[in-house]
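Order of the sequence lines fixes the chain letters, A, B, ..., with proteins taken first and strands second; residue numbering starts at 1 for each chain. The shown structure was predicted, so the numbers you read here are calculated from the model rather than taken from an experiment.
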Amino acid sequence: MKQQLAPLLSAAVATLQADGVLPADQPVDIQLERTRDRKHGDFASNLAMVLCKAARSKPRDLAEKLVAALPESDVVTRVEIAGPGFINFYLAPAAYHAMLQQVLAEGEKFGRSTVGAGKSVQVEFVSANPTGPLHVGHGRGAAYGATVADLLEAVGHKVHREYYVNDAGRQMDILAASVYLRYLDLCGESFTFPSNGYKGDYVWDIGASLHRKHGDALRHSAEDVFRDITPDEPAGGDKEAHIDDLIARIRSLLGEEHYRETFDLGLDSILENIRHDLEEFGVCYDEWFSERSLTESGAVDRALERLKASGHVYEKGGALWFRSTDFGDEKDRVVVRDNGQTTYFASDIAYHMNKLERGYDRVIDVWGADHHGYVPRVKAALTALGDDASKLDVLLVQFAILYRGGEKMQMSTRSGEFVTLRELRNEVGNDAARFFYVMRKCEQHMDFDLDLAKSQSNENPIYYIQYAHARVASVFRQLPEKGFEWNADNGAEHLDRLTESHEDQLIVALSRYPEVVESAALNHEPHMLAHYLRELANEFHTYYNAHQFLVDDSDLRDARLNLIQATRQVIANGLGLLGVSAPDSM
RNA sequence: GCCCCGGUAGCUCAGUUGGAUAGAGCAAUAGCCUUCUAAGCUAUGGGUCAGGGGUUCGAAUCCUCUCCGGGGCGCCA
């Protein structure tokens with residue numbers, strides 16, 4: 001609806017520019033907003049106040065000239081100048097009626113747009129290390145990333161959803177070692193499990209499947225495994241050195257082939273678990289991108305070569321450093337360690353280089369806020385490579401802080417003390433979980449009280465919205481019982497019968513939907529949609545309580561059915577974008 | 001010490017990128033089911049927008065300083 005008004009203002013500005021009232025050389029940004037209060041009309045523009053300086057005129061005087069210059073339009077019934085110089089527009093009922101019919105005609109496509117048409121965007125999210133099942137901390141990134149991706153798609157972008165699999169590096173070696181040690185335990189060896197190993201039950205399961213496949217064939221005595229290993233921390237040693245020694249020992253005892261097998265068994269079964277978990281959560285990917293493949297394809301070497309060629313790396317203390325301080329980072333960063341191994345950062349440079357090479361117009365990373373310090377160095381690397389770092393948007397999602405019994409819970413994959421995403425979904429349901437995670441803007445810390453989510457799940461706002469949808473469905477179920485039929489065409493002809501203020505407010509709320517979707521998508525703020533849906537449901541419930549839909553007057557009845565059917569449609573569309581179901585009965 | 005995020009009603013949070021009288025939910029109080037689902041509706045109370053200074057027609061919103069809370073600052077990933 002906004003698109004119908006903006007040209008009118010542009011035309012008025014053009015007229016005043018031609019008349020010399022406004023300087024002709026300045027481009028004018030047309031600002032048009034929904035009014036907060038219906039008494040101020042439907043839309044308001046602050047144009048006169050913004051331009052009054054350039055016009056050397058009082059805001060209200062300029063507003064009058066602008067209004068006088070507005071072209072005729074059948075969308076607008078009245079234009080008013082108010083307050084310090086606002087220009088308020090009152091829309092014709094016909095404009096709203098046309099919108100209602102558009103909802104019914106377009107169905108699930110209503111609210112989609114083409115503002116992003118022709119633009120491709122890659123969204124990488126979750127990307128949790130495959131060292132354990134997803135926990136509730138990952139859930140927020142999953143729900144947020146998936147919703148941002150869906151929203152961008154809804155406004156016309158071509159979206160590529162991607163999970164970066166950290167299938168290389170020390171954490172994965174620690175997992176492999178943990179799996180092997182559990183296997184040894186199942187073989188009957190006895191020893192103290194390293195304090196730095198992965199202790200979750202799932203590691204036992206993987207160890208068990210290794211045992212099922214090989215029996216005792218891979219068994220080595222605990223004595224051989226632990227001989228001359230740096231003692232663990234509880235034993236007065238160093239837990240990091242302890243686990244590193246164990247990894248090296250296990251690797252040499254097993255041989256490369258069996259070590260790799262153990263490693264991949266851990267990786268594959270956890271990744272499969274994660275994939276399955278996300279799928280059930282309604283989160284799907286176009287690509288699972290392997291970190292290891294970056295090394296194998298030579299992308300890491302190529303990235304380092306390019307940095308060397310452009311003179312942004314140097315050697316110090318046997319290591320290779322990237323001079324990120326040249327690009328505003330607070331200190332330089334190591335890309336190749338003195339032991340010859342490339343760092344995680346080197347992989348990430350190669351990965352982001354790869355993303356841009358694939359030609360996306362925009363690249364979005366959804367990261368936990370704890371990685372915020374990492375943003376400057378990645379952008380620095382892209383700039384150093386000669387790429388356009390401004391194509392990369394890093395969206396930082398603050399932690400969800402878990403509370404149970406009023407106590408803050410520590411989440412640690414290593415210790416195995418965490419609540420999995422699956423447990424959460426089982427307890428509060430997919431819909432509530434998806435909705436809850438995106439209810440707050442991502443920069444906001446989120447208090448996730450498990451007891452509240454579980455014990456009072458009926459008070460979750462999601463039910464309020466779904467209930468509105470179910471109520472409409474229920475009304476339509478009642479139709480035949482009362483001997484009525486819905487004639488949508490007749491309803492369309494009598495929309496002018498919708499004269500109640502509750503109807504008016506509901507219609508206005510519906511008309512906002514496309515604007516909300518667009519704004520939520522372009523700003524990467526799904527919570528705007530969540531809040532909007534609550535307001536829409538509120539308008540509907542109020543209407544429902546105030547008026548009967550299934551009245552004897554068929555013209556009025558059909559018009560009302562058109563209205564509530566459109567409401568049902570918009571709620572379903574909005575919930576769909578949030579990954580939440582819209583049930584017909586509750 | 002430096003960096004990021006937050007501070008708005010008793011609690012949890014919105015506030016349309018600087019607009020008109022700062023809004024919801026929960027909690028509290030009082031009402032509404034022989035009528036399409038009461039997981040609903042109506043009404044009431046509740047505020048120094050953390051605090052000071054600045055920018056301008058206009059500030060919860062932008063700038064600056066201070067205070068408070070969370071997180072991050074590795075040749076880990």
Side-chain angles (χ1 to χ4, degrees), chain A residues 31 33-37 39-40 44-46 49-50 52-53 58-59 82-86 88 129 131 166 168-172 174 240 291 316-321 330-331 333-339 341-345 347-348 368-376 396-399 401 408 439-447 449 452 456-468 470-479 481-482 484 512 515-516 519-520 523 525 527-528 530-532 534-535 537-538 540-551 560 564 585-586:
Chain A
Q31 294 192 35
E33 291 174 328
R34 287 273 175 181
T35 53
R36 191 171 298 176
D37 189 336
K39 278 178 249 165
H40 300 128
S45 177
N46 59 357
M49 292 179 290
V50 175
C52 65
K53 262 196 181 161
K58 288 180 183 169
F86 289 104
N88 295 338
N129 281 348
T131 52
N166 298 121
R170 181 163 172 265
Q171 294 307 317
M172 289 307 299
I174 295 177
E240 303 293 346
E291 178 188 357
K316 193 179 90 182
L320 198 64
W321 295 71
E330 50 191 28
K331 55 182 286 195
R333 311 291 174 176
V334 172
V335 284
V336 182
R337 290 197 289 257
D338 58 5
N339 64 10
Q341 280 189 309
T342 54
T343 60
Y344 177 84
F345 178 45
S347 296
D348 236 13
D370 53 334
H371 286 73
H372 82 87
Y374 209 73
V375 179
L396 297 171
V397 179
Q398 295 290 329
F399 278 137
I401 303 162
K408 187 174 163 185
M439 241 168 51
R440 315 257 153 87
K441 58 182 174 192
C442 67
E443 311 92 81
Q444 183 71 247
H445 296 112
M446 190 164 84
D447 290 336
D449 189 325
L452 193 79
Q456 302 187 354
S457 61
N458 280 3
E459 286 170 14
N460 196 304
I462 187 58
Y463 294 102
Y464 183 84
I465 299 166
Q466 289 180 322
Y467 185 43
R471 269 182 153 176
V472 177
S474 174
V475 170
F476 278 90
R477 277 196 300 272
Q478 300 281 325
L479 267 176
E481 288 175 29
K482 302 213 168 193
F484 294 138
R512 283 172 52 210
E515 294 159 31
V516 171
S519 182
N523 293 307
E525 291 187 337
H527 77 278
M528 292 173 70
H531 282 271
Y532 163 79
R534 210 205 172 277
E535 287 164 26
N538 179 37
F540 173 78
H541 286 307
T542 303
Y543 178 37
Y544 181 97
N545 274 272
H547 300 284
Q548 192 79 14
F549 307 143
L550 300 179
V551 291
R560 285 184 169 169
I564 65 170
S585 66
M586 293 175 70

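When heavy atoms are screened at a 4.0 angstrom cut-off, A/Glu33 is found touching the sugar-phosphate backbone but no base atom. Among the protein residues, A/Asn88 comes within range of the nucleic acid bases, having at least one heavy atom under 4.0 Å from a base atom. A/Ser585 comes within contact range of at least one nucleobase, with a heavy-atom separation under 4.0 Å. Counting non-hydrogen atoms under 4.0 angstrom, A/Thr542 reaches the backbone sugars and phosphates but no base. Among the atoms of the strands shown, base atoms are found under 4.0 Å from some heavy atom of A/Ala44. Within 4.0 Å (heavy atoms only), A/His445 reaches at least one base atom of the nucleic acid.
A 3.5 Å limit on both hydrogen-bonding distances identifies B/G7 as the Watson-Crick or G-U partner of B/C67. Remark: B/G40 base-pairs with B/C32; criterion is Watson-Crick or G-U wobble with both hydrogen-bond distances under 3.5 Å.
With no hydrogens or angles considered, a side-chain donor-acceptor pair links A/Glu291 and A/Ser347 at under 3.5 Å.
For the pair A/Lys441 NZ and B/U17 C1', the computed distance is 11 Å after rounding to whole Å. We find that CD of A/Glu535 is positioned 13 Å from C1' of B/C13, with the value rounded to whole Å. Between A/Glu525 atom CD and B/U17 atom C1' the separation is 9 Å, expressed in whole Å. Rounded to an integer number of Å, the gap from A/Asn46 CG to B/U16 P is 14 Å. Remark: C1' of B/G40 and CZ of A/Phe540 are 10 Å apart, rounded to the nearest angstrom. Nucleotide B/C32 holds its C1' atom 9 Å from the CG atom of A/Asn545, rounded to whole Å. Between the C1' atom of B/C33 and the NE2 atom of A/His541 lies a distance of 16 Å, rounded to the nearest Å. The CD atom of A/Gln398 sits 13 Å away from the P atom of B/C4 (whole-angstrom rounding).
With its glycosidic angle more than 90° from 0, B/U55 adopts the anti conformation. Within 90° of 0 lies the glycosidic angle of B/C33, which makes this nucleotide syn.
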Using the 3.5 Å cut-off, write out each protein N or O paired with an N or O of nucleotides 72-77 of chain B and the distance between them.
{"residue": "B/C73", "atom": "O2'", "partner": "A/Glu330", "partner atom": "OE2", "Å": "3.3"}
{"residue": "B/C75", "atom": "O2", "partner": "A/Asp338", "partner atom": "N", "Å": "3.0"}
{"residue": "B/C75", "atom": "O2", "partner": "A/Asp338", "partner atom": "OD1", "Å": "3.1"}
{"residue": "B/C75", "atom": "N4", "partner": "A/Gly317", "partner atom": "O", "Å": "3.2"}
{"residue": "B/C76", "atom": "OP2", "partner": "A/Arg337", "partner atom": "NH1", "Å": "3.0"}
{"residue": "B/A77", "atom": "OP1", "partner": "A/Arg337", "partner atom": "NH1", "Å": "3.1"}
{"residue": "B/A77", "atom": "OP2", "partner": "A/Tyr344", "partner atom": "N", "Å": "3.4"}
{"residue": "B/A77", "atom": "O2'", "partner": "A/Asn129", "partner atom": "ND2", "Å": "2.8"}

Please list each protein N or O that sits under 3.5 Å from an N or O in nucleotides 21-24 of chain B, with the distance.
none

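Note on A/Tyr464: a side-chain N or O is less than 4.0 Å away from OP1 or OP2 of B/C41. Contact check, A/Gln444 against B/A14: a side-chain N or O comes under 4.0 Å of OP1 or OP2.
The same atom, C1', is picked in B/U8 and in B/G25; the two are 15 Å apart, to the nearest Å. As rounded to the nearest Å, B/G70 and B/G23 have C1' atoms that lie 26 Å from one another. Across the P atoms, B/C5 and B/C11 are found 25 Å apart, a figure rounded to whole Å. Comparing the C1' positions of B/U64 and B/U21 gives an interatomic distance of 30 Å, to the nearest angstrom. As rounded to the nearest Å, B/A27 and B/U66 have P atoms that lie 41 Å from one another. Between B/G71 and B/C75, the two P atoms lie 23 Å apart (nearest whole Å). Spacing of C1' atoms, B/G15 relative to B/A77, comes out at 39 Å, to the nearest Å.
Between A/Phe86 and B/A20, a base-stacking contact is recorded: ring centres under 5.5 Å apart, planes less than 30° from parallel.
No option in A/Met528, A/His531, A/Met446, A/His527 other than A/His527 meets the side-chain contact (heavy atoms from CB on, under 4.5 Å) test with A/Lys441.
Remark: A/Leu550 CG to A/Lys482 NZ distance equals 5.5 Å, nearest 0.5 Å.
Two residues, A/Ala470 and A/Met446, neighbour RNA chain B, and the one matched to the more 5' nucleotide by heavy-atom proximity is A/Met446. Residue A/Val50 is the one, among A/Val475 and A/Val50, whose nearest nucleotide of RNA chain B lies closer to the 5' end (criterion: closest heavy atom).
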Test side-chain contact (heavy atoms from CB on, under 4.5 Å) on A/Tyr344 and A/Asn166; report intermediate values, then the result.
CA-CA 9 Å; A/Tyr344 177 84; A/Asn166 298 121; 3.2 Å; yes

